[in-house]
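Heads up: the structure comes next, in structure tokens.
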Amino acid sequence: MSDFNDVTYRNTFRHTSAHILAHAVKRLYPETRLAIGPAIDQGFYYDFDRETAFTAEDLQAIEDEMKKIVKERLPIERFELNRAQARQLMLEKGETYKIKLIDELPDDTVITFFRQGDFVDLCSGPHLDNTGEVRSFKLTQLAGAYWRGSEKNKMLQRIYGTSFPDKQMLKDYLAQQEEARKRDHNKLGRELGFFTTVDYIGQGLPIMLPKGARVLQILQRFVEDEEERRGYLLTKTPFMAKSDLYKISGHWQNYRDGMFIIGDPEKADEVEVLALRPMTCPFQFQAYLTKTRSYRDLPIRYAETSTLFRNEASGEMHGLIRVRQFTISEGHIVCLPEQLEEEFKGSLDLAQYMLRVLGLEDDVSYRFSKWDPAETDKFIGSADVWDRVQETMQGILDNMDLEYAVGIGEAAFYGPKLDIQIKNVFGKEDTLITIQIDFQLAERFGMEYVDREGRKQYPYVIHRTSIGCYERTLALLIEKYAGALPLWIAPEQARILPISEKHQATAMALAGRMRSLGLRVEVDNRDEKIGKKIREAQMEKLQYMLIMGDKEIEDNTVSVRSRREGELGAIPINQLIDRLQRETAEKFH
RNA sequence: GCCGCUGUGGCUCAGAGGUGGAGCAAUUCACUCGUAAUGAAUAGGUCGUGAGUUCGAUUCUCACCAGCGGCUCCA
């Protein structure tokens, strides 16, 4: 029961930590009202309602008070009250949020409280036996959070913390966080010259610098070639369209806040109002609609490396992970009902192939994202259609031996999704790849096919990405590889370092030869010492450094330093070229 | 959008109500160099933007913009 690797014990430990936090806050700031305080992945938090904002100094004071509570070794006792008593107790303490929680509990719930010293909290538990067990903890951050997670409610103050049974574990955790910070793509990606942002341009609109742009180009070529091999047809569709198009798709009604609109949306019924595309589906559907389609024509697989524009809320942007303009490997497969399963599997296979090649396959998790029947206004179509499509998707997933979580309310507005989730270096989860089943938009757009009996039918549409969003993928790759991208996607694969000026011409010639063979090679022609050139190449995370002086030129070799393997000594040039070409072709990571 | 924090030369950071500094990077010159930083000199900032307070603001106040951590939202 005291194994910290055990999730149940760890959560109990953190939950008690949250109570100690709340206890300290109540001692120091009695006017504060308590909301909720659960254990989370990396620690715990507690939400408070207090007129004055907590400051960094308050946080320190709270932490000191928590230390006292731990030292006091207060026993923690559980007790039960009936509903009226429970309300009465919370009323006396002025805990209005707790009363709301009590009122929402189902009739048959046993209402429990936990007491430590003079502190009592409504809580289902369980808890540790004594506050003295929480030996090591730290309050990590201060944040705002809506009561009950709804933006319609009041914004509370959330204090995050983490805790461990001993000091060393906390130290290790903090050191590991420090390491993570060094990998943060938003810092590393800027330092290494992958991208930048400029105030004049605006939020969520990064500039891809030559290195970043080169990586995106490599990825894009790779994805497009692979999709072509898998029977996709390429489209190039416009970046914007009249509101008319989005009215059919439902974006105008269900996604307008997310769109950049050119003109006054209120006048869209009278005059032409354009909007930048937030998704590619309605555009590719127009390609389908150019002809009458027979069941024999299906499946039709469209793909496009598609630039999308989404007007994200201003507080949402984050490096390359959340931006307002991004490029996605978008595709739509129009298929017959009996083809759905195979096409779905094919889409997943392509996605998984991409993950494998990028070395990310062990870092992802799967989520079956369903609609929320309680929030019908966020989704189009009837409960019937949703139930049917979700059941169909469930059947496909069950045949696939895939472990997945379920996300209620996470569906797209037109259909359920299988999302491939990935965590960034700080443990925050985002969707990398998505595969969606849609049986609604075809009907809205009048996309039909003629079946064997000559009747018109609506097809299924699979909306899918193969590598997801390129910018986001780049961000995750930078973090995964701490900036040292695998050779096949590295913007600069090797750098030739001439020992002195007299070796420069030969170095340039070699670079030219290697470039003509498709390798991305640069020469460091500065009049600097070799030690400095090496140091800088090392800091730029170069995979290969090729040192060239008198000896090497004489022997037709280069002295190779590999980031992965260190000094490799002199290697004949032909042999080195073979090696680089092989590693590139095999997509080593 | 909401809560909180931040904004000084390319980067990291000092500084103070009276018109700003360091290290690294950059440029130039010298050195022609053998596996993680050669030396010297020079240049570079309307202190995020705009208002206000003040004799005077980059330093105080407000608004806006941008960045960060969350919430909500989402690829």
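Proteins come first, then strands; the chains are lettered A, B, ... in the order of their sequence lines, and each starts at number 1.
Counting atom types as modelled, A/Gln157 pairs no side-chain N or O with a base atom of B/C71 as donor and acceptor under 3.5 Å. A donor-acceptor contact under 3.5 Å is formed by the side chain of A/Glu552 with the base of B/G34. Side-chain to base pairing of A/Glu151 with B/U72: no donor and acceptor N or O lie closer than 3.5 Å to each other. At a cut-off of 3.5 angstrom, counting only N and O atoms as typed in the model, there is no donor on one side facing an acceptor on the other between the side-chain of A/Ser150 and the base of B/U72. Scanning atom types as modelled, one donor and one acceptor separated by under 3.5 angstrom connect the side chain of A/Tyr146 and the base of B/G1. Remark: the A/Glu312 side chain and the B/A75 base include a donor-acceptor N/O pair separated by less than 3.5 Å.
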Pairwise N/O distances under 3.5 Å, protein to nucleotides 6-14 of chain B:
none

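Nucleotides B/G67 and B/U12 are separated by 16 Å at their C1' atoms, to the nearest Å. Taking the P atom of each, B/G52 and B/A66 are spaced 23 Å apart, rounded to whole Å. Taking atom P in both B/G21 and B/U42, one finds a spacing of 15 Å when rounded to whole Å. For B/C13 and B/C33, the C1' atoms lie 33 Å apart once the distance is rounded to whole Å. The P atoms of B/G10 and B/U6 are separated by 23 Å, rounded to the nearest whole Å. Atom C1' of B/G1 sits at a distance of 8 Å from the matching atom of B/U72, rounded to the whole Å. For the C1' atoms, the distance from B/A25 to B/G45 is 16 Å, rounded to whole Å. The gap from the P atom of B/A14 to that of B/C60 amounts to 15 Å, rounded to the nearest Å.
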**Request:** Please test A/Phe54 against A/Tyr29 for ring-ring contact (aromatic ring centres under 6.0 Å, His included), starting from the C-alpha separation and ending with a verdict.
**Result:** CA-CA 10 Å; A/Phe54 289 117; A/Tyr29 316 98; 5.6 Å; yes
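Using modelled atom types, one finds no donor on one side chain facing an acceptor on the other under 3.5 Å when comparing A/Thr237 with A/Gln284. Side chains of A/Ser314 and A/Glu316: no donor on one and acceptor on the other come within 3.5 Å.
Environment of CD in A/Glu554: sparse, with no more than 12 heavy atoms of neighbouring residues, nucleotides or ligands closer than 6.0 Å.
Regarding A/Lys532, its NZ atom lies at a distance of 16 Å from the C1' atom of B/U32, rounded to whole Å. Nucleotide B/C74 holds its P atom 18 Å from the NE2 atom of A/His318, rounded to whole Å. What separates CG of A/Asp41 from C1' of B/G70 is a distance of 16 Å, to the nearest Å. As rounded to whole Å, 11 Å separates atom P of B/C74 from atom CG of A/Asn254.
A cation-pi contact, defined as under 6.0 Å to the ring centre and within 45° of the axis, is absent between A/Arg310 and A/Phe326. Taking the ring centre of A/Tyr97 as origin, the terminal cationic atom of A/Arg33 falls outside the region bounded by 6.0 Å and 45° from the ring axis. Taking the ring axis of A/Tyr544 as reference, the NZ or CZ atom of A/Arg495 does not stay both within 45° of it and closer than 6.0 Å to the ring centre.
Look at B/U53: it lacks any Watson-Crick or wobble partner with both distances under 3.5 angstrom. Pair assignment for B/A22 gives B/U12, based on Watson-Crick or G-U wobble hydrogen-bonding distances that are each under 3.5 Å. B/A41: Watson-Crick or G-U partner is B/U27, with both key distances under 3.5 Å. Using Watson-Crick or G-U wobble geometry with both donor-acceptor distances under 3.5 Å, B/C33 finds no partner in any strand shown. Partner assigned to B/U59 is none, using Watson-Crick or G-U wobble distances below 3.5 angstrom. Figure legend. B/C64 is base-paired to B/G48; pairs are counted as Watson-Crick or G-U wobble with both atom distances under 3.5 Å. Pairing of B/C71, defined by two Watson-Crick or G-U wobble distances under 3.5 Å, is identified with B/G1.
Side-chain atoms of A/Arg158 lie closest to B/C71 of the nucleotides B/U35, B/C74, B/C71.
Nearest-nucleotide positions on RNA chain B place A/Glu501 closer to the 5' end than the other of A/Glu501 and A/Met317. Between A/Asp550 and A/Arg190, it is A/Asp550 whose nearest contact on RNA chain B lies nearer the 5' terminus.
A/Gly43 and A/Thr162 make their closest contact through CA-OG1, 3.7 Å (heavy atoms, listed as atom of the first residue, atom of the second, distance).
The only member of A/Val223, A/Ile435, A/Ile328, A/Leu355 that meets side-chain contact (heavy atoms from CB on, under 4.5 Å) when paired with A/Ser466 is A/Val223.
A/Glu528 comes within 4.0 angstrom of a nucleotide base, judged by non-hydrogen atoms across all strands.
For B/A75, the base is stacked against the aromatic ring of A/Phe326, per a cut-off of 5.5 Å between centres and 30° between planes.
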